[in-house]
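FYI, the numbering just counts along the sequence from 1.
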Amino acid sequence: MMSTEETEDDALPLAGLRVLDLSQGIAGPYCGLILRQQGADVIKVEPPQGDWSRGMGRQKEGMSAIFAACNAGKQGVCLDTRTEQGRLALQALAQSADIVIQNYRPGVAQRMGAGWEQLSQQKPSLVYVSISGWGGTGPMAHVPTLDTTMQAASGMMAANKGVDGKPHRIGLYLIDYATGLYAAQGVMAALLRKSISGRGKHVQVAMLQTAAALQSYLVLDAGMFAGQSSAVFNAPTGLFDTQDGQQIYISMLNDAMFLRLAHALAQESWMHDTELHHSGGRLSRVDALTETLRAAIAQQPLAYWVRVLADSDVLFAPLRTAAQLPSDSQAQHLGIYQDHPLDGFPSQSFPVLPGEGAASAQLSPAPQLGQHTQKILAEMQLSHDSGPH
């Protein structure tokens, strides 16, 4: 039980640890966010022009939704590392940290005096995270990449074919966020190792590695059935229009589920046609099955199908936008969102750390550029002239 002098963060698993987040964009900052949600004190260091994600999409007064989401709860310091004062301040902050996160191209952090070899030599217990696109070495190491270009290069875009049969970009920055998640997992493993050995670790995560890990079954499927064209794994499945203009996605898991769907739709021909009782037979007739299902779904409103399909134990989900999720009854039951203050805007919904029952820090708004520079540098008795404040 917390004493009256403890804060809520003191009860979290990473309370007392300091993270220096030098990264920009999404993957590195998201890693820092996860550590902050688990109680770590995270200092976000930006150059004078700011993290470039501040300008991603719509923005107001130097704040975009992406920056606000990935940097909530952090303290903001602005340093000009082109100056000696800025570099010295950065190095001092790094030495005060338990964990450092950076996603510069190879060689940049070293030129700032904040590379792994430089910092770990002075502080062997340091956990140091390097996030890159293509990895720290190799023929592509210095080639720039983002989530969107990595989707194309890794096969993920080709896997996401639309109804037009053409590859499409996944709308979310999936590789970026997953890379941040893998990096945070690497930090946890390194901290566990450190608790045993006393020594830190260089955690290196590349977006290319993440994209490969997310598509492991696709590579195996292509190798196991070489020369065969890929197909949907079961049928009928897809997005269908209901009578009241809503949409519902229905997915087929196995043969038993198909028979339950046939019963729910009162499709006697499906129940008596033994060729349809196994996935191979259904895949050869996927177009006809899909059209039959489409016509049936159009006969009733969404609420009807939600009830019938749930009672029939058939996989389904109403089509929603992300903005609708906070008002979902199940999301509210699990307490997935907390009220989050955001400077210049009404309070917003922000997801807590995933994991039912997991403690999650109540986060302050993402910092304005250099918001805490004076405070943090003064605490370390460093010059305030290292950057804007």
- Item | Residues Leu22, Val100; criterion side chain to side chain contact (heavy atoms under 4.5 Å, CB included); working and verdict | CA-CA 7 Å; Leu22 311 179; Val100 172; 4.1 Å; yes
- Task: Step by step, work out the side chain to side chain contact (heavy atoms under 4.5 Å, CB included) result for Tyr128 and Gln102.
- Result: CA-CA 8 Å; Tyr128 188 96; Gln102 65 90 11; 3.3 Å; yes
Considering all heavy atoms, the nearest [X]-[Y] contact:
| X | Y | answer |
| --- | --- | --- |
| Thr210 | Ala178 | CG2-CB, 3.5 Å |
| Cys70 | Ile26 | SG-CG2, 4.1 Å |
| Ala310 | Phe316 | N-CE2, 3.6 Å |
| Val77 | Thr373 | CA-OG1, 3.4 Å |
| Ala190 | Val203 | CB-CG2, 4.0 Å |
| Gln300 | Thr242 | O-CB, 3.5 Å |

Salt bridge present between [X] and [Y] (N-O < 4.0 angstrom):
| X | Y | result |
| --- | --- | --- |
| Asp51 | Lys44 | yes |
| Glu291 | Arg294 | yes |
| Lys74 | Asp41 | no |
| Arg285 | Glu275 | yes |
| Arg260 | Asp313 | yes |
| Asp164 | Lys166 | no |

- Task: Working to the nearest 0.5 Å, report the span between CG of Asp98 and CG of Leu35.
- Result: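 Between Asp98 CG and Leu35 CG, I get 11.0 Å after rounding to 0.5 Å.
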- Message: Between Phe350 and Gln362, does the side chain to side chain contact (heavy atoms under 4.5 Å, CB included) criterion hold? Intermediate values first, please.
- Response: CA-CA 10 Å; Phe350 195 83; Gln362 180 68 50; over 6 Å; no
Mark yes or no for whether [X], through its side chain, and [Y], through its backbone, hold a donor-acceptor pair below 3.5 Å.
| X | Y | result |
| --- | --- | --- |
| Gln243 | Gln299 | yes |
| Thr149 | Thr145 | no |
| Arg169 | Gln151 | no |
| Arg199 | Ser125 | no |
| Asp255 | Ser279 | yes |
| Ser64 | Ser53 | yes |
| Asp273 | Ser269 | no |
| His263 | Ser312 | no |
| Trp134 | Ala206 | no |
| Asn160 | His168 | yes |

- Item | Heavy-atom side-chain contact between Leu214 and Leu174 under 4.5 Å |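 Answer yes - side chains close enough.
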- Query: Do Val45 and Leu20 come close enough that some side-chain heavy atom pair is under 4.5 Å?
  - Reply: yes
- Should the pair Tyr30 and Tyr177 be assigned to parallel (<30°), tilted (30 to 60°) or perpendicular (>60°) ring geometry? perpendicular
- Item | Qualifying residue, where the test is side-chain hydrogen bond (donor to acceptor under 3.5 Å, both in side chains) with Gln75 and the options are Lys375, Arg36, His372 | Lys375
- Query: Would you say Leu261 and Met271 are hydrophobically clustered, going by side-chain heavy atoms of ILVMFWY under 4.5 Å?
  - Reply: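 The answer is no; the residues belong to distinct hydrophobic clusters.
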- Message: Please tell me whether Gln24 and Asn103 have a donor and an acceptor in their side chains that are separated by less than 3.5 angstrom.
- Response: no
- Could you verify whether a donor N or O on one side chain and an acceptor N or O on the other, from His340 and Ser349, lie under 3.5 Å apart? no
- Message: Other residues, nucleotides and ligands only: do more than 12 of their heavy atoms fall within 6.0 Å of CD on Glu379?
- Response: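 Atom CD in Glu379 is packed in, count exceeds 12.
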- Message: For the aromatic rings, using the six-membered ring if either is Trp, is the centroid distance between Phe258 and Trp270 under 6.0 Å?
- Response: yes
